[in-house]
Structure formats: structure tokens, C-alpha cells
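Predicted, not measured: the structure shown is a model, and the values here were computed from it. In what follows, residues are counted from 1 in the order of the sequence shown.
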Amino acid sequence: MTATTTDHSPAAASVPAPRGPLSAGLFAALASPGQAPPEAGEAAAADPYGEDLHLALHVLYELHYRGFADIAEDREWDPALMPLRRALEERFLGALRADVPAGRTTDEAFGELLVESTDHSDSVAHHLEHHGELWQIREYAALRSLYHLKEADPHAWVIPRLRGRAKAGMVAIEYDEFGAGRAENIHAQLFAELMADLGLDTRYGHYVEAAPACALAVVNVMTLFGLHRALRGALVGHFACVEVTSSPGSRRLAAAMRRTGAGPAAERFYAEHVEADAVHEQVVRREVIGGLLADEPHLEPDVAFGADATVHLENRLASHLLKAWRNGRSALRQRRG
């Protein structure tokens, strides 16, 4: 995996290669506006965690962010695409609801996250801290770039759907994520600098082709929750889960960067998150979750679901990464720069 550029360019990426009939049909429809996308029924029969579904959903979601160089901007809300997107979302969301515990309280969901397990066999951060090689760290960063190069953007969708304490707390955390008013401290920029230290290509969306479905699903779920007001509780749960688990994981990853000599910017990104997210954890639990449930107590199961779904998807990604690395194989779909 060799670098081709270290330019953190705002230019839109090209549509990736399809991975099955859903993504192939969708991409053909995006390229030719007169062509109909796949029928919703085709999505209903797809593997809810599969390559084809998650690539198709990822591309539809990216129309709401930076879009694609070869797709017109007005396709973002094209009514012809909405039935397919809804069917893809329902298939994915249905699988998540079937695979994570139902009706849990926030104390049940977050109580488990606040105690770091002594069993590190399934921890990617622990593996990288103690055993990871530099090529594994590079692969990890390449896959995480799908989110970190737009860090905090998916969570911003929930801000207009909150009020009072919840909104104030959410905006305070997001303000930090976006550099506290300083462009050079925006977390997405810091991650681009981490990637440059690792010799990776820093262009937005560059590693989509290399990302397996389990990595795409981790990113897709944020936008799934974010674009639907009915899932605002789940997005808060997702955001809180990320903040609660970030500090200890970031501490391990900062140590991994030091041990492998990844570079000062690589180490800085995770070192910054150790301190910042320890504070964010308190704000998100007390103000964001506390404020939301004070206003809308009926959303508590949704908040717990958002956290549990996040853990479920992260565990699937961790299993994929560790299985590949422990067998001396790349975890990427293909090696690329």
C-alpha cells in the first residue's frame, strides 16, 4: 500500500467500482439520469451486512456530503433514488434491530462501556499497541479515514432535532471536533496529517475501494441515524458510545504510534483524543443524553439501541481485522495507494 499523494484535497471522488447487482444498477442510474435504479424488492433480499448493499448505501449517503465528481449535485434528493435508499436502509436497520438487545436502558448499555474489559483478545487497539506492525497501523488508518476525514459531520444532523441542555451539550462537543474555531485543529485535518505521516493518500474517500463491508457499515450507520429525525435517539446513543469508548482506545493507539515510530502527527491525533474525549464523555452522558431524556423520556430505548448497534458493528469490524492480521494477511479488499 504505497502513497500516491498527500494532498488533503476538497475535490470530489469518483464513483467506486460496483460489488454486485445493486451497486452496479445504482451506479448505472447515477451515470444516466434516465435509467431507473434497481427495484426496492432487490434490496429487501440482499445480505444486510454484505458488500453490495453497503457500497450502494455508502454512495447514496455520500451524495449528502461531498458527492462525486461525475454525479450531478441535484441527484442528492432525486425522488427516483429514494425508494431504493429506503429499502437499503430498512434492510440494514432491520438486521441491526434483530441482532442487538431490545428494550435496554441507558444504564444497561453504557454501564458495560464504562468498565474496560480485562479480556483484550478482541481489541484492535490493544493488538496495535502491543503487537501491531506498521503495515497494520496503515491499514487501520486507511479504513478509519472513511469517517475521520469527515469526523463529526454525520452527528451534526442531530443538532436541529435537539433543544435545551441536549443541544447545548452537543454543540459544545462538536465545536471541539471542528477545531474550536481554528481550521488547523479540525479533527479531520489532524487525521489527514496522521495519514501523511503514515505515507497514506489523504484524499477524501480514496480508500472506499479497499474497505470491506464491515468497515462501510460502521460509517453508514451514522448517516442512517443522522438523516432520520425518528432515529435521533439512536444517533445520540451512537455519538455517546463513540465518546465514552474513545479515550481509553485513543490512549492505546497513541502508544502504538509511538512504538512503531509512525510520526508526530500520527501520535498527536490520538493523544488529542485521550484528553478531549475524557471531557466529552461527561458532557455527552450528563448533558446530551440527560437533556434529551429529560425532554423525551420515551427515547431511552432508542439511545440504548444506538449504542448497542455501534458496539455490534465495531465488533464485526474488529473480528475481520484481527483474523486477517493474525494470519499475516491484509484486511483490505485490495492493496492500493
* Asked: Within a strict 4.5 Å, meaning less than it, do heavy atoms of the Leu313 and Tyr49 side chains meet?
  -> yes
* Asked: Which residue pairs pass the ring-ring contact (aromatic ring centres under 6.0 Å, His included) test when at least one of the two sits in residues 87-115, sequence neighbours left out?
  -> His54-Phe92
* Asked: Would you say Glu112 and Val311 make side-chain contact, with heavy atoms under 4.5 Å?
  -> no
* To do: Determine, step by step, whether Phe269 and His273 satisfy the ring pair (Phe, Tyr, Trp, His ring centres under 6.0 Å) criterion, reporting the C-alpha distance in whole Å, the side-chain angles of both residues, the deciding distance to 0.1 Å, and the verdict.
  => CA-CA 7 Å; Phe269 177 82; His273 281 70; 4.3 Å; yes
* To do: For Tyr270 and Ser247, indicate whether the former's side chain and the latter's backbone hold a donor-acceptor pair under 3.5 Å.
  => no
* Would a distance-only check, ignoring hydrogens and angles, find a side-chain to backbone donor-acceptor pair under 3.5 Å from Arg259 to Leu128? -> yes
* Asked: Are Leu63 and Asp78 close enough that some pair of their side-chain heavy atoms sits under 4.5 Å apart?
  -> no
* **Distance-only polar pair, side chains of His126 and Glu129, donor-acceptor under 3.5 Å** => no
* **Point-to-point distance, once rounded to the nearest 0.5 Å, from CD of Glu90 to CZ of Arg85** => 11.0 Å
* To do: Might you point out which heavy atoms bring Arg97 and Leu231 nearest each other, and give the distance in Å?
  => NH2-CD2, 3.6 Å
* Structure fact -> Heavy atoms of Glu243 and Val284 approach each other most closely as CB-CG1, 4.1 Å
* Atom CD of Glu184: over 12 foreign heavy atoms under 6.0 Å -> yes
* Leu88 CG to Leu93 CG distance, which is reported to the nearest 0.5 Å -> 12.5 Å
* **Asp308 (side chain) donor-acceptor with Val100 (main chain) under 3.5 angstrom** => no
* Asked: Side chains of Ser145 and His206: closer than 4.5 Å at any heavy-atom pair?
  -> no
* Take Phe27 and Phe68 through the test side chain to side chain contact (heavy atoms under 4.5 Å, CB included) and record every step on the way to the result. => CA-CA 11 Å; Phe27 299 170; Phe68 296 95; over 6 Å; no
* List the atom of Asp302, the atom of Ala230, and the distance in Å for their closest heavy-atom pair. => OD2-O, 4.1 Å
* **Donor-acceptor contact present, side-chain Asn327 to main-chain Arg329, <3.5 Å** => no
* Asked: Can you get from Phe178 to Leu235 by hopping between Ile, Leu, Val, Met, Phe, Trp and Tyr side chains that sit under 4.5 Å apart?
  -> no
* Derivation of the side chain to side chain contact (heavy atoms under 4.5 Å, CB included) call for Tyr207 and Leu332 -> CA-CA 9 Å; Tyr207 290 101; Leu332 306 183; 5.5 Å; no
* Can you find a heavy atom in the side chain of Asp52 that is under 4.5 Å from one in the side chain of Pro21? -> yes
* Tyr61 and its side-chain contact (heavy atoms from CB on, under 4.5 Å) partner, picked from Val219, Thr223, Leu216 -> Thr223
* To do: Check whether any side-chain heavy atom of Leu149 lies under 4.5 Å from a side-chain heavy atom of Thr202, and answer yes or no.
  => no
* Asked: Between Ala152 and Glu177, which heavy-atom pair has the shortest distance, and what is it?
  -> CB-CB, 3.5 Å
* Asked: Which heavy atom of His64 sits nearest a heavy atom of Leu60, and at what distance?
  -> CD2-O, 3.8 Å
* Asked: Do the charged groups of Arg144 and Glu314 touch, with an N to O distance under 4.0 Å?
  -> yes
* **Check: Gly20 main-chain N/O paired with Ser23 side-chain donor or acceptor under 3.5 Å** => yes
* Structure fact -> CD1 (Ile186) and CG (Asp176) are apart, to the nearest 0.5 Å, by 12.5 Å
* Derivation and outcome, side-chain hydrogen bond (donor to acceptor under 3.5 Å, both in side chains), residues Gln136 and His127 -> CA-CA 10 Å; Gln136 296 171 346; His127 170 83; 3.0 Å; yes
* To do: Please state whether the rings of Tyr65 and Trp157 are parallel, tilted or perpendicular, taking 30° and 60° as the class boundaries.
  => perpendicular
* Chi angles and distances behind the side chain to side chain contact (heavy atoms under 4.5 Å, CB included) call for Leu114, Glu281 -> CA-CA 10 Å; Leu114 291 168; Glu281 174 205 324; 3.3 Å; yes
* What is the distance from atom CG of Asp153 to atom OH of Tyr147, rounded to the nearest 0.5 Å? -> 8.0 Å
* Which atoms form the tightest heavy-atom contact between Leu53 and Leu22, and what is the distance? -> CA-CD1, 4.4 Å
* **Exam field: side chain Arg138 to backbone Leu198, donor-acceptor pair closer than 3.5 Å** => yes
* To do: Ignoring hydrogens and angles, tell me if any N or O in the side chain of Glu267 forms a donor-acceptor pair with the backbone of Pro264 under 3.5 Å.
  => no
* **Evaluation steps, side chain to side chain contact (heavy atoms under 4.5 Å, CB included), between His130 and Arg252** => CA-CA 9 Å; His130 295 285; Arg252 293 188 181 282; 3.9 Å; yes
* **Over 12 non-hydrogen atoms of neighbours within 6.0 angstrom of CD in Glu108** => yes
* How long is the span from the CG atom in Leu30 to the CD1 atom in Ile71, to the nearest 0.5 Å? -> 4.5 Å
* Asked: Within the side chain of Thr310, is there an N or O that forms a donor-acceptor pair under 3.5 Å with the backbone of Gly306?
  -> yes
* So do Lys167 and Ile159 actually touch side chain to side chain, heavy atoms under 4.5 Å? -> yes
* To do: Using a cut-off of 6.0 Å, state whether more than 12 heavy atoms not belonging to Arg326 lie near its atom CZ.
  => yes
* To do: State the NE2-OG distance between His280 and Ser246, to the nearest 0.5 angstrom.
  => 9.5 Å
* Just by modelled atom types, is the Ala331 backbone N or O under 3.5 Å from a matching donor or acceptor in the Glu139 side chain? -> yes
* To do: Give the cluster check for Met170 versus Tyr175: same hydrophobic cluster or not, with ILVMFWY residues linked at side-chain heavy-atom distances below 4.5 Å.
  => no
* To do: Look only at the side chain of Arg333 and the backbone of Glu209, and say whether a donor-acceptor pair between them is shorter than 3.5 Å.
  => yes
* Asked: Is there side-chain contact between Leu321 and Leu143, with heavy atoms separated by less than 4.5 Å?
  -> yes
Counting only pairs under 3.5 Å, give me each side-chain donor-acceptor contact of residues 289-298, with atom names and distances, residues two or more places apart or in other chains.
residue	atom	partner	partner atom	Å
Glu296	OE1	Arg232	NE	3.3
Glu296	OE2	Arg232	NH2	2.5

